[in-house]
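Some notes on the structure that comes next.
Naming convention: chains lettered A, B, ... in sequence-line order (proteins, then strands); numbering from 1 in each chain. Predicted, not measured: the structure shown is a model, and the values here were computed from it.
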Amino acid sequence: MSETSDLHEQRKAKLEELRAAGINPYPSRYEVSHTIGALTTKYANLPGEELQHLREPFTIAGRLMAKRLMGKTLFGHLRDRTGSLQVYARHDTLGGDLFQRVRRFDVGDFLGCAGTLFKTRTGELTLAVERIELLSKTLRPLPEKWHGLRDVETRYRQRYLDLLMNPEVREVFVKRAAIIRAMREFMLARDFLEVETPMLQPIAGGAAAKPFVTHHNALNRRLFLRIAPELDLKRLVVGGLERVFEINRCFRNEGLSTEHNPEFTTLESYMAYADYADVMQLTEELLCHVAEQVLGALQFGSQGSNLDLTPPWRRITFEDALVEIGGFARDVLRDPARLEAAAAAHAIVKERGAFEAATAHAKLLAKVFEACVEPRLIQPTFVIDYPIALCPLAKASAANPEVAERFELFINGRELANAYSELNDPLEQRRRFVEQARQRSAGDEEAHAMDHDFVRALEYGLPPAGGLGIGIDRLVMLLTDSASIRDVIFFPQLKEEPRLGAELRGESAEAAWSNSDEHPHV
RNA sequence: GGGCCGCUAGCUCAGUCCGGUAGAGCAACGCCCUUUUAAGGCGUGGGUCGAAGGUUCGAAUCCUUCGCGGCUCACCA
């Protein structure tokens, strides 16, 4: 063995040894007879004597996660996607050469093992290895077996190690998949059609947000990554797809935080002949279905709160919430000057920009709401009837044209869903777009962009419809008790890792930074 | 962008207040050990202390700037 202490070099030397012995360290396939989970569920409870009568051969494959060399025997644990099983190799069974090779396998290597089952003195189901093969040689050591991988930065940058070493991380993502599956099943059962609409849009509409910009070479056209699928989904409803939903990504070119990732996943749905009250019903039923499927309960803890999703959920108007929960007097809320003073007392400042008086007032109300009401909405609460100026795509209430038929759902102090009765009056929609365009040209980068085709589509007729958007990442955070959105997204967006290329090439950091193939985009 | 905290061996961490030869456990390497399981025993190697400057006889430690990350405030749905 080489004398070097560099673990990476040591393993490369082992790799060469194997090749020199005529062994392919990266073979193509391995025939597996059982998953480890199948073996343990079937045989872990059988007494040892009965295991000895089993004549069928057991063949398993997995990653070596622990290795205990004991004289002329070796114990290890092999892990596959379904579980982990102890394997036991003996010098007298395998023969000298093979045993020598086996004892030099590293934790992390993928192995295929065939043999018989037995139980050790401590009663652990174990595979007595008769044949063993290397399936993939690792060149880097895994993080430590006992403490695992703790460094948060490494966990996010090298999620594969996080998944490998921290079982609870795997659980979160398994649960994420279960949540999405439950949502999909629920929507399909309600006769919604699952659709996919473009990620690349010529006009980034459907929400108030800054988009990512890109360019299509062949079309020589500027395109945006979508900030919402809303307008395309409503076009589909115009086209007669009366119930549609999409589970997919949105992109917003804004700040990052524990609740914001530049790309995030939403469920968005549209239901013809329904209004926002129907959608509230739908939302309640959907989230209860998900909680029951995934957690098996409507009560659960998350981030220190005990939450109860048992319907019906509280419904409160935007203004009542500001009065009852925010503690503001109703006449203060309705008077722009007094509201501004009250907001200033909470260190809330009015947004800059040339807004119409009603819009400026509504925007300030929204900020006050966010600061003084939102964090206090712990149990599921539908906040309804938002100022119309905040909702350029929502239908005004028949009873009160000042407010939109809109709700947002809050659980544990976070916005989880947003929905409204869709505005389907094309002329009114055009007026709203014109006002947004005016704000846009006055400097509001997040005002909605005019979308002439969308108005044209409405002119062909959109049935009354209730739309819904649910932030799936935040829902997953809620149901997995995660503090940060980065814990529920496999590869959260981070700054470029310094010196990575240098490490892999053995170059200096300076050389890495100046090496142009590191940055093909510049 | 502001504030606070972190960055030391492959991993997990001491050492920083109060400057004086860079440590431990796991992992690795060698030897012993044929039912172990954080196996055990004996031995060995392993570090640009995130980077660059500065102060000092002397810096992981003090100062400055920068990088990356976390939390938080601001901004932002």
Side-chain angles (χ1 to χ4, degrees), chain A residues 1-11 13-14 48 65-77 84-94 99 103-104 106-108 118-124 126 128 138-158 161 164-165 206-210 227-228 250 252-260 262 264 266 347-349 351-352 363 366-367 369-371 374 390 408 414-418 444-446 469 471 474 483-484 486-487 492 494-500 502-503 508-510 513:
Chain A
M1 183 61 208
S2 116
E3 315 243 310
T4 177
S5 60
D6 184 298
L7 302 174
H8 193 238
E9 291 303 322
Q10 274 181 14
R11 294 216 182 174
K14 282 187 178 180
M65 295 303 292
K67 180 182 150 191
R68 295 179 291 279
L69 189 60
M70 238 194 58
K72 292 193 162 49
T73 68
L74 183 148
F75 287 92
H77 271 94
S84 160
L85 185 73
Q86 181 162 262
V87 293
Y88 175 55
R90 295 169 61 103
H91 180 270
D92 54 11
T93 313
L94 298 182
F99 188 79
R103 56 175 280 162
R104 291 175 60 68
D106 291 300
V107 169
F118 75 105
K119 283 202 169 168
T120 61
R121 281 178 193 156
T122 52
E124 181 169 351
T126 303
T138 51
L139 295 183
R140 291 176 188 261
L142 294 180
E144 197 220 1
K145 60 185 173 188
W146 192 243
H147 298 93
L149 180 66
R150 295 274 175 78
D151 184 76
V152 178
E153 185 174 350
T154 310
R155 288 186 43 226
Y156 292 155
R157 288 198 195 278
Q158 297 180 265
L161 293 179
L164 223 38
M165 303 311 296
K210 290 177 208 157
I227 55 175
C250 293
R252 297 189 183 174
N253 202 346
E254 290 163 359
L256 294 81
S257 76
T258 49
E259 295 179 47
H260 300 83
F264 58 100
T266 61
I348 298 162
V349 285
E351 210 166 313
R352 306 169 300 279
K363 280 180 176 276
K367 293 186 91 172
F369 181 90
E370 196 179 323
E374 201 170 309
L390 297 176
E408 289 193 323
R414 288 201 183 106
E415 179 197 341
L416 214 72
N418 182 21
D444 182 0
E445 286 181 82
E446 297 192 346
R474 290 184 187 175
S484 170
R486 297 185 196 99
D487 293 325
L494 299 175
K495 287 196 190 180
E496 186 175 12
E497 183 176 356
R499 308 187 63 193
L500 174 62
E503 187 208 328
S508 72
E510 293 70 28
W513 284 114

Watson-Crick or G-U wobble partner for [N], using a 3.5 Å limit on both distances?
| N | value |
| --- | --- |
| B:G45 | none |
| B:A74 | none |
| B:U34 | none |
| B:C26 | B:G10 |
| B:U64 | B:A52 |

Measure [atom1]/[X] against [atom2]/[N] and give the value in whole Å, please.
| X | N | atom1 | atom2 | value |
| --- | --- | --- | --- | --- |
| A:Trp146 | B:G10 | CH2 | P | 23 Å |
| A:Glu153 | B:U8 | CD | P | 10 Å |
| A:Asp6 | B:A27 | CG | C1' | 13 Å |
| A:Leu164 | B:U12 | CG | P | 14 Å |
| A:Leu69 | B:U34 | CG | C1' | 11 Å |
| A:Arg140 | B:G10 | CZ | P | 11 Å |
| A:Lys145 | B:A27 | NZ | P | 4 Å |
| A:Asp444 | B:C75 | CG | P | 15 Å |

Q.
Quick test of your reading of the model: are A:Asp444 and A:Lys363 salt-bridged, counting only N-O distances below 4.0 Å?
A.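 Looking at A:Asp444 and A:Lys363, the cut-off is met.
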**Q.** Earlier contact from the 5' end, RNA chain B, for A:Gly76 and A:Thr154
**A.**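 On the 5' side of the pair lies A:Thr154.
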Q | First of A:Val107 and A:Arg157 reached from the 5' end of RNA chain B, by closest nucleotide | A |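 Comparing both residues, the 5'-ward one is A:Val107.
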Among [options], the one nearest [X] by side-chain distance:
| X | options | answer |
| --- | --- | --- |
| A:Met70 | B:C68, B:A39, B:G10 | B:A39 |
| A:Leu494 | B:C76, B:G69, B:A39 | B:G69 |
| A:Asp92 | B:A39, B:G25, B:U34 | B:U34 |
| A:Tyr156 | B:U36, B:C76, B:G70 | B:G70 |
| A:Arg104 | B:G30, B:G10, B:U34 | B:G30 |
| A:Lys367 | B:G70, B:C76, B:C33 | B:C76 |
| A:Leu149 | B:C13, B:U36, B:C11 | B:C11 |

(Q) Can you confirm whether A:Glu144 sits close enough to A:Leu149 that some side-chain heavy atom of one is under 4.5 Å from a side-chain heavy atom of the other? (A)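 A side-chain contact is absent here, since even the closest heavy-atom pair is not under 4.5 Å.
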Q.
When you compare the side chain of A:Asn253 with that of A:Pro262, does any pair of heavy atoms fall below 4.5 Å?
A.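 Side chain of A:Pro262 against side chain of A:Asn253, heavy atoms only: no contact under 4.5 Å found.
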Side chain [X] and base [N] donor-acceptor under 3.5 Å:
| X | N | value |
| --- | --- | --- |
| A:Arg68 | B:U36 | yes |
| A:Glu144 | B:C13 | no |
| A:Thr73 | B:U35 | no |

[N] to [M] separation - [atom1] atoms, rounded to the nearest Å:
| N | M | atom1 | answer |
| --- | --- | --- | --- |
| B:C4 | B:U65 | P | 12 Å |
| B:U34 | B:A51 | P | 46 Å |
| B:U55 | B:U64 | P | 15 Å |
| B:G40 | B:G2 | P | 49 Å |
| B:A24 | B:G46 | P | 13 Å |
| B:C26 | B:G19 | C1' | 31 Å |
| B:U61 | B:U56 | P | 16 Å |
| B:U8 | B:G69 | P | 15 Å |

Could you check whether [X] gets within reach of a base, just the sugar-phosphate, or nothing at all, counting any heavy atom under 4.0 Å?
| X | answer |
| --- | --- |
| A:Gly471 | nothing |
| A:Gln158 | nothing |
| A:Arg486 | sugar-phosphate |
| A:His77 | base |
| A:Thr258 | sugar-phosphate |
| A:Arg150 | sugar-phosphate |
| A:Glu124 | base |
| A:Lys495 | sugar-phosphate |

Q) What heavy-atom pair brings A:Thr126 and A:Tyr88 nearest, and what distance separates the two atoms? A)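 Reported closest heavy-atom pair: CG2-CB, 3.6 Å.
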Q. Which residue, A:Glu124, A:Lys145, A:Lys67, forms the side chain to side chain donor-acceptor pair (under 3.5 Å) with A:His77?
A.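 So, applying the side chain to side chain donor-acceptor pair (under 3.5 Å) to A:His77 and each of A:Glu124, A:Lys145, A:Lys67, only A:Glu124 qualifies.
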Q | Distance below 4.0 Å between A:Lys67 side-chain N/O and B:A39 OP1 or OP2 | A |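 No, no such contact exists.
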Q: Take A:Thr266 and A:Phe264 through the side-chain contact (heavy atoms from CB on, under 4.5 Å) test and state the conclusion after the steps.
A: CA-CA 7 Å; A:Thr266 61; A:Phe264 58 100; 3.6 Å; yes
Q: Go through the steps to decide whether A:Arg11 and A:Asp106 satisfy the test salt bridge (charged side-chain N to carboxylate O under 4.0 Å, His left out), and finish with yes or no.
A: CA-CA 9 Å; A:Arg11 294 216 182 174; A:Asp106 291 300; 3.5 Å; yes
